[in-house]
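Computed from heavy atoms alone, side chains included, the values below leave out hydrogens, waters and symmetry copies.
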Amino acid sequence: MKKRLLACLLAAVMTASLFAACSSKEDTAPSEGNSQNQEDTATEEAKEPALADVVQAVKDAYGENYIPSMEITQQELADVCGITTENIEEVIAEGPMMSGHVDRLFAIKAVEGKGEDVEKEVATYQKVLQEDTLMYPMNIAKVQASQVVRHGDYVFFVMLGAFDEESTTEEAQQVFADEQTKIGTDAIASFF
């Protein structure tokens, strides 16, 4: 019995000294390996942003030119856009209240490993908008400039921006719309 108690006590002391040695190594200046691990952890955390934070950054980037004001539910995304709800872990989607506007933002965190599937479904929806939908002439450039962006299992659809009230040619209107879309995609990219 005494031998067993002594063995347990000795094992506990050795374990404690092992933990003390490990923790004292971490307290010293980081070695190259530790620095790399910290960078990897920071990179990993940067790749898992809160969806609400990304959406807020997009809204802030556009300011008063952010027009969507109505929630698009997950079920509406499935019914109207053809996005499989089982592939969605979290979504924030907004569209315009007035039918004269086409502005939309979809921010989707897909179920792990389903980002590519969601991206394909959103791209199909985008293609339908670009090819098959009748729209006001003022919206054509914005729809053509829309972007589907994927970062891992995060998928975004950006069809946003100010209206071009000055350009007189289709080419100039398209350049303006492309620049407006880039405001949103740049805000999203800053999180990844």
Side-chain angles (χ1 to χ4, degrees), residues 47 49-85 87-88 90-110 114-192:
K47 292 183 180 180
L51 217 49
D53 292 344
V54 180
V55 170
Q56 189 58 54
V58 171
K59 289 180 179 184
D60 292 345
Y62 284 105
E64 65 184 27
N65 290 320
Y66 184 85
I67 295 174
S69 57
M70 191 171 75
E71 178 189 4
I72 299 172
T73 66
Q74 189 168 327
Q75 191 59 50
E76 289 170 326
L77 285 175
D79 296 343
V80 176
C81 307
I83 300 170
T84 306
T85 57
N87 291 342
I88 298 174
E90 181 184 0
V91 63
I92 299 173
E94 296 181 332
M97 192 168 286
M98 296 170 44
S99 63
H101 296 287
V102 293
D103 294 54
R104 284 170 178 65
L105 175 64
F106 301 167
I108 302 168
K109 183 177 182 186
K114 295 294 186 178
E116 189 174 351
D117 294 342
V118 172
E119 178 187 28
K120 288 176 183 175
E121 292 173 339
V122 175
T124 298
Y125 170 71
Q126 176 194 33
K127 187 175 180 180
V128 168
L129 289 177
Q130 291 175 334
E131 294 178 356
D132 300 335
T133 305
L134 295 173
M135 63 192 79
Y136 293 107
M138 66 182 186
N139 292 326
I140 292 172
K142 187 179 285 190
V143 172
Q144 293 304 318
S146 66
Q147 291 289 315
V148 178
V149 179
R150 180 169 70 92
H151 296 279
D153 287 324
Y154 288 78
V155 180
F156 302 89
F157 178 61
V158 180
M159 189 161 58
L160 300 166
F163 283 101
D164 183 3
E165 298 175 9
E166 297 179 11
S167 297
T168 56
T169 66
E170 287 181 16
E171 293 81 13
Q173 291 171 351
Q174 194 60 58
V175 168
F176 180 86
D178 289 340
E179 290 169 351
Q180 288 295 302
T181 299
K182 191 173 184 317
I183 293 169
T185 58
D186 285 351
I188 292 165
S190 71
F191 285 84
F192 301 94

Closer than 3.5 angstrom, by distance alone: can the side chain of [X] be matched with the main-chain N or O of [Y] as a donor-acceptor pair?
X      : Y      : result
Arg104 : Val102 : yes
Gln174 : Ala141 : yes
Asp164 : Ala177 : no
Gln130 : Val143 : yes

Heavy-atom pair of closest approach, residues [X] and [Y]:
X      : Y      : result
Ala61  : Ile183 : CB-CG2, 3.7 Å
Ala57  : Ala187 : O-CB, 4.0 Å
Glu71  : Glu76  : O-OE1, 3.8 Å
Pro96  : Met70  : O-CE, 3.8 Å
Glu121 : Thr84  : OE2-OG1, 2.6 Å

Go through Glu119 and Val122 one step at a time and tell me if the side-chain contact (heavy atoms from CB on, under 4.5 Å) criterion holds. CA-CA 5 Å; Glu119 178 187 28; Val122 175; 5.9 Å; no

Is any side-chain heavy atom of [X] closer than 4.5 Å to a side-chain heavy atom of [Y]?
X      : Y      : answer
Val58  : Phe156 : no
Ile188 : His151 : yes
Pro49  : Tyr154 : yes
Thr85  : Leu77  : no
Leu129 : Met159 : yes
Asp178 : Lys182 : no

Roughly how far apart are [X] [atom1] and [Y] [atom2], rounded to 0.5 Å?
X      : Y      : atom1 : atom2 : value
Thr181 : Asp186 : OG1   : CG    : 10.5 Å
Leu160 : Lys142 : CG    : NZ    : 7.0 Å
Phe163 : Asn65  : CZ    : CG    : 9.5 Å
Leu51  : Glu90  : CG    : CD    : 4.5 Å
Asp103 : Asn139 : CG    : CG    : 7.5 Å
Ile83  : Gln74  : CD1   : CD    : 9.5 Å

Is there a side-chain contact (heavy atoms from CB on, under 4.5 Å) between Gln144 and Glu170 once you walk through the steps? CA-CA 11 Å; Gln144 293 304 318; Glu170 287 181 16; over 6 Å; no

Should the pair Tyr62 and Tyr66 be assigned to parallel (<30°), tilted (30 to 60°) or perpendicular (>60°) ring geometry? tilted

Quick one about Gln126 and Ser146 (side-chain donor to acceptor, distance below 3.5 Å, no hydrogens or angles considered), yes or no? yes

Report the C-alpha separation of Leu105 and Val55 in whole Å, then their side-chain angles, then the decisive distance to 0.1 Å, and conclude whether the side-chain contact (heavy atoms from CB on, under 4.5 Å) test is met. CA-CA 8 Å; Leu105 175 64; Val55 170; 4.1 Å; yes

Is the centre of the Tyr125 ring less than 6.0 Å from the centre of the Phe106 ring? yes

Is Met98 atom CE crowded by more than 12 heavy atoms from other residues, nucleotides or ligands, each under 6.0 Å away?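 Atom CE in Met98 is not packed in, count stays at 12 or less.
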
